[in-house]
Amino acid sequence: MENLDLQSTPNPFSAFADSERNRSRRNLWSAAKLLGTSVALFCVVVIGQQIWNDADLVPWMSTRSGAPTNATLQKLCRGAELEPNRIDLVVAAIASEDTERSRLGFQAIETARNEWVTLPTGQRQQNRHSLALALQRTADKLRVPANDERHQRLLKLADAIVQEVLAESSLRETNSPLPSPDAETFDIAMTLVTAADQVMDRFADHQSLP
């Protein structure tokens, strides 16, 4: 019985064993090449898609005027970098009567604000200042009730600016004045928030009258 077992066991030193090892190496190498090719193709597709998606952002960013299309706003919502001189046009989209356009404009600014956290302090302050000015200009032109959805989006951004400046100022020395341009940024945003609160208070008082 033992002799039969020995005869049925393959000899590791035979020529067939070398052939099996070589075939295993070839299979492993083929699998590695296939994996490498797949990864490379995936990277090419992802990079190509990103370039294609952002293709119309480049000319829009470089022009001096022209409101962004909804497609451009959608790409900005996905994290494409928003140049400071384009902030005003995106904020203006929030005041659009097109509900989807207004929503996309707001979302694009929110995405940009989240990305500003990683910027150097000076650049972050300048972008925030540009946003406050854009909110002020757009709010002045938007003649709608304070409870209008578009107006509420502008106020939400203004309130976020106030909170950001306060949060950053709390990290500085006690009683130290706000640096420029944060001081002006805070005043602009706070004026928008306060004015809206006053309007809503007057509206509430009017509703409570018999």
Side-chain angles (χ1 to χ4, degrees), residues 41-165 181-182 184-193 195-196 199:
L41 287 175
F42 176 77
C43 293
V44 169
V45 170
V46 170
I47 294 173
Q49 185 177 17
Q50 184 65 33
I51 294 174
W52 175 264
N53 286 339
D54 296 343
D56 62 339
L57 286 177
V58 176
W60 180 74
M61 288 288 190
S62 62
T63 56
R64 292 185 176 273
S65 61
T69 63
N70 282 14
T72 299
L73 291 174
Q74 287 175 341
K75 288 164 186 170
L76 290 173
C77 291
R78 290 197 291 266
E81 186 177 355
L82 178 60
E83 297 292 336
N85 62 340
R86 305 282 87 184
I87 293 174
D88 198 62
L89 292 172
V90 177
V91 171
I94 300 175
S96 172
E97 294 182 358
D98 182 345
T99 303
E100 178 66 5
R101 180 172 176 76
S102 177
R103 185 190 67 80
L104 288 172
F106 174 80
Q107 188 177 341
I109 293 295
E110 282 284 76
T111 302
R113 283 184 52 252
N114 292 333
E115 294 179 347
W116 293 346
V117 176
T118 62
L119 296 176
T121 301
Q123 189 176 352
R124 183 172 64 253
Q125 291 174 340
Q126 288 295 336
N127 286 359
R128 195 159 53 206
H129 183 63
S130 297
L131 175 57
L133 290 173
L135 291 172
Q136 184 184 50
R137 285 190 289 266
T138 303
D140 288 343
K141 295 177 182 178
L142 186 61
R143 304 298 180 183
V144 294
N147 60 348
D148 185 272
E149 192 175 47
R150 294 165 292 172
H151 192 67
Q152 289 298 312
R153 288 189 176 114
L154 297 176
L155 291 180
K156 186 175 181 180
L157 291 173
D159 184 65
I161 290 176
V162 170
Q163 300 305 321
E164 282 181 16
V165 175
D182 268 352
E184 184 180 354
T185 299
F186 180 84
D187 289 342
I188 294 171
M190 195 63 187
T191 299
L192 291 173
V193 174
V199 171

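Residue Thr185 holds its OG1 atom at 7.0 Å from CG of Leu133, rounded to the nearest 0.5 Å. Atom CG of Asp182 and atom CD of Gln125 lie 4.0 Å apart (nearest 0.5 Å). Rounding to the nearest 0.5 Å gives a distance of 11.5 Å between CG of Asn70 and NZ of Lys75. Atom OG1 of Thr121 and atom CH2 of Trp116 lie 14.5 Å apart (nearest 0.5 Å). With rounding to the nearest 0.5 Å, the separation of CD1 in Ile109 from CG in Asn114 is 11.5 Å. A distance of 13.0 Å separates CZ in Arg103 from CZ in Arg101, rounded to the nearest 0.5 Å.
Without hydrogens or angle criteria, Thr118 side chain to Glu115 main chain gives a donor-acceptor distance under 3.5 Å. Checking side-chain atoms of Arg153 against main-chain N and O of Phe106 turns up no donor-acceptor pair under 3.5 Å. A donor-acceptor pair under 3.5 Å is absent between the side-chain atoms of Gln136 and the main chain of Ile188, judged by distance alone. Judged by distance alone, the side chain of Thr72 and the main-chain N or O of Pro68 form no donor-acceptor pair under 3.5 Å.
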Using the side chain to side chain contact (heavy atoms under 4.5 Å, CB included) rule, take Leu135 and Leu155 through it: C-alpha gap first, then chi angles, then the decisive distance, then the call.
CA-CA 8 Å; Leu135 291 172; Leu155 291 180; over 6 Å; no

Could you check Leu131 against Val91 for side chain to side chain contact (heavy atoms under 4.5 Å, CB included), going step by step and ending with a plain yes or no?
CA-CA 8 Å; Leu131 175 57; Val91 171; 3.6 Å; yes

Apply side chain to side chain contact (heavy atoms under 4.5 Å, CB included) to Leu82 and Asn127, showing your working.
CA-CA 10 Å; Leu82 178 60; Asn127 286 359; over 6 Å; no

Between Lys156 and Glu110, is a salt bridge (Lys or Arg N to Asp or Glu O under 4.0 Å) present by the stated rule, with each step listed?
CA-CA 10 Å; Lys156 186 175 181 180; Glu110 282 284 76; 5.1 Å; no

Worked check of side chain to side chain contact (heavy atoms under 4.5 Å, CB included) between Leu104 and Val90
CA-CA 9 Å; Leu104 288 172; Val90 177; over 6 Å; no

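In this structure, a donor-acceptor pair under 3.5 Å is absent between the side chains of Thr99 and Ser102. If you check the side chains of Arg78 and Gln74, you find no donor sitting under 3.5 Å from an acceptor.
Here the closest non-hydrogen pair linking Leu73 and Gly105 is CD1-N, 4.1 Å. The shortest heavy-atom contact between Cys77 and Ala108 is SG-N, 3.5 Å.
Counting heavy-atom neighbours within 6.0 Å of Glu100 CD, excluding the residue itself, gives a total above 12.
Taking a cutoff of 4.0 Å between a charged side-chain nitrogen and a carboxylate oxygen, Glu164 and Arg113 qualify as a salt bridge.
When each of Ile161, Val165, Asp159 is tested with Gln163 by the rule side-chain contact (heavy atoms from CB on, under 4.5 Å), just one qualifies, namely Asp159. Put simply, the residue from Arg150, His151, Gln152 that forms a side-chain hydrogen bond (donor to acceptor under 3.5 Å, both in side chains) with Asp148 is Arg150.
A heavy-atom distance below 4.5 Å is found between the side chains of Ile94 and Leu154.
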